[in-house]
Undergrad: 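My structure is below; once you've seen it, I'll send some questions.
Labels below follow one simple rule: chain letters A, B, ... track the order of the sequence lines, proteins then strands, and each chain is numbered from 1.
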Protein chains: 2
Amino acid sequence: MSASKRDQLVQNALQAFYEGGFHAIGMDRVAKETGVSKTAIYKHFRTKDELVLATLRLRDEQFRNWLVRRVEALADDPADQLLAVFTALGEWFDEPGFKSCMFIKASSEYQDRDEPIHRTAAEHKKLLQKYFSMLAKKAKLIEPDEVARQILILKEGAIVLAHIYGSKTVANDARRAAETILGASLARN
Amino acid sequence: MSASKRDQLVQNALQAFYEGGFHAIGMDRVAKETGVSKTAIYKHFRTKDELVLATLRLRDEQFRNWLVRRVEALADDPADQLLAVFTALGEWFDEPGFKSCMFIKASSEYQDRDEPIHRTAAEHKKLLQKYFSMLAKKAKLIEPDEVARQILILKEGAIVLAHIYGSKTVANDARRAAETILGASLARN
DNA sequence: ATTAACATTAACCGATCGGTTAATGTAATC
DNA sequence: GATTACATTAACCGATCGGTTAATGTTAAT
């Protein structure tokens, strides 16, 4: 199997797990929906968990790339970019295929914090927090790290609620909350 | 089976699903851990999904009762009560058995919004939102409904992050964000 | 043309899935 | 004491779980 075929397998498995859930989608189903035989899959991944890990690593890269690019397209000023996060989220929520965050779902199904899959989800969130922290520092906020953590909390809450009851206002509510928080952290300057 | 024994079955099943996940815990396992035979379980619940629904209804009642009582014990003023939500959450996060919110996990494993289990999770969140809305109105905030939705977003985000990487500051961060939001909504009065 | 190396297929493994059925135990009614 | 009603047990159902193995292609080097 060529490298690109392996990538396609991971991409298709990612799609299957995202749409169907990790435990609910079996390896036979993965084989069928990716067009790759089970034997071929197990040639590249020793266990299902390793395949799941590969899909999460791909998702991490895809999601953070998408977010950073979309945010940079939406705003120039770092403070505005922190708010643009929620504009981008709102666009994501409106996509027909939106089904919450893959890492929240992964941590829901692999609950133990020392499981590699759970740890991968945690690392993804840490990287997002670092990104927000960098923006908050560039925006010269008083307490950039705390604000970054709060932005992350708003982001995760918005995703969960957008998935649970597809509210059209949730991205907007989160954005306005972020505006208030940023406003308070700027005002003290 | 007496009514109280049925309640015990649901309570034990709730514990098993909360700790192990809905798809990961099979009915044989439920039977073993509740001490009730599978046949006896299926006398009261036609399907596994109906048992899951029963556990969610119980959890909804338990969680909201706990939250309201804890909040009322922590503060008298309605605005302070909205902040006390996050103090209560922090206590919950510190409990050894804490493993995220059962309804977030349910909506992660039963993703389709028209599934009864998913809808039950949505109703739980709606009821919390109503509770926050009532407090916000009693606190005479300018935009009580919007603030209530934002408090809910902060709550869900805090739960997710507390579960994913057990941060000790996440409840505090959310609380301070709520303080800022409430402060802004009071200041305009 | 033969052989060696690699992919792919599909049958198979024991275990478990959600759910049912037949047999056994137990208690109350007659 | 026989009968009825109900609980409980455990064996069982086909399907699917994660994972393996043997057989079959296919390709490339000899």
Undergrad: From the options C/dG18, D/dG19, C/dA7, select the nucleotide whose nearest atom is closest to the side chain of A/Thr47.
TA: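 Closest nucleotide to the A/Thr47 side chain: D/dG19.
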Undergrad: Using whole Å, what does the distance between atom P of nucleotide D/dA15 and atom CE of A/Met27 come to?
TA: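 Atom CE in A/Met27 sits about 22 Å away from atom P in D/dA15.
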Undergrad: Starting at atom CG of A/Leu9, determine the distance to atom P of C/dA7, rounded to an integer number of angstrom.
TA: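 In whole Å, C/dA7 P and A/Leu9 CG are 14 Å from each other.
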Undergrad: Using nucleotides 20-24 of chain D, report all nitrogen or oxygen pairs with the protein that are shorter than 3.5 Å.
TA:
from   : atom 1 : to      : atom 2 : distance (Å)
D/dT21 : O4     : A/Thr39 : OG1    : 3.3

Undergrad: Tell me which of A/Lys43 and A/Asp28 sits closer to the 5' end of DNA chain C, going by the nucleotide each one is nearest to.
TA: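 Upstream on the strand: A/Lys43.
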Undergrad: In whole angstrom, give the distance that lies between atom CG of A/Leu51 and atom C1' of D/dC17.
TA: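 Going from CG in A/Leu51 over to C1' in D/dC17 covers 15 Å.
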Undergrad: Regarding B/Glu33 and B/Arg29, does a basic nitrogen lie under 4.0 Å from an acidic carboxylate oxygen?
TA: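 A salt bridge links B/Glu33 with B/Arg29.
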Undergrad: Expressed in angstrom and rounded to an integer, what is the separation of A/Arg29 atom CZ from D/dG19 atom P?
TA: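 In whole Å, D/dG19 P lies 18 Å from A/Arg29 CZ.
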Undergrad: For B/Asp145, enumerate each residue passing the side chain to side chain contact (heavy atoms under 4.5 Å, CB included) test, keeping only those at least two apart in sequence or located in another chain.
TA: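 Counting only residues at least two positions away or on another chain, B/Asp145 forms a side chain to side chain contact (heavy atoms under 4.5 Å, CB included) with B/Ser133, B/Lys137, B/Arg149.
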Undergrad: For the pair made of CD1 in B/Ile25 and P in C/dC17, what is the distance, rounded to whole Å?
TA: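 From B/Ile25 CD1 to C/dC17 P: 8 Å.
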Undergrad: Contact between A/Tyr42 and A/Glu50 at the side-chain level, heavy atoms closer than 4.5 Å - yes or no?
TA: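 No. Closest side-chain heavy atoms not under 4.5 Å.
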Undergrad: Could you tell me which residues satisfy side chain to side chain contact (heavy atoms under 4.5 Å, CB included) with A/Leu74, sequence neighbours excluded, listed by chain and number?
TA: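 A/Leu74 satisfies side chain to side chain contact (heavy atoms under 4.5 Å, CB included) with A/Arg70, A/Ala84, A/Thr87, A/Ala88, A/Glu91 only.
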Undergrad: Just wondering, do A/Leu67 and A/Tyr131 contact through their side chains at under 4.5 Å, heavy atoms?
TA: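 In short, these two side chains touch, coming nearer than 4.5 Å.
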Undergrad: The side chain of B/Lys48 lies closest to which of these nucleotides: D/dA7, C/dT9, C/dG18?
TA: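 That would be C/dG18.
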Undergrad: Do A/Thr34 and A/Gln8 come close enough that some side-chain heavy atom pair is under 4.5 Å?
TA: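 They are not in contact (no side-chain heavy atoms under 4.5 Å apart), so the answer is no.
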Undergrad: Compare all side-chain heavy atoms of B/Phe86 with those of B/Ile151 and state whether any distance is below 4.5 angstrom.
TA: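 The answer is yes; the side chains approach within 4.5 Å.
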Undergrad: A/His23 has an atom NE2; how far is it from atom P of C/dG18, in whole Å?
TA: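 Rounding to the nearest Å, NE2 of A/His23 and P of C/dG18 are 12 Å apart.
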Undergrad: Specify the separation, in whole Å, of atom CD of A/Glu33 and atom C1' of D/dT16.
TA: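 Going from CD in A/Glu33 over to C1' in D/dT16 covers 15 Å.
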Undergrad: When the distance from CD of B/Glu50 to C1' of C/dG19 is rounded to whole Å, what number comes out?
TA: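 Checked: the CD to C1' distance equals 13 Å.
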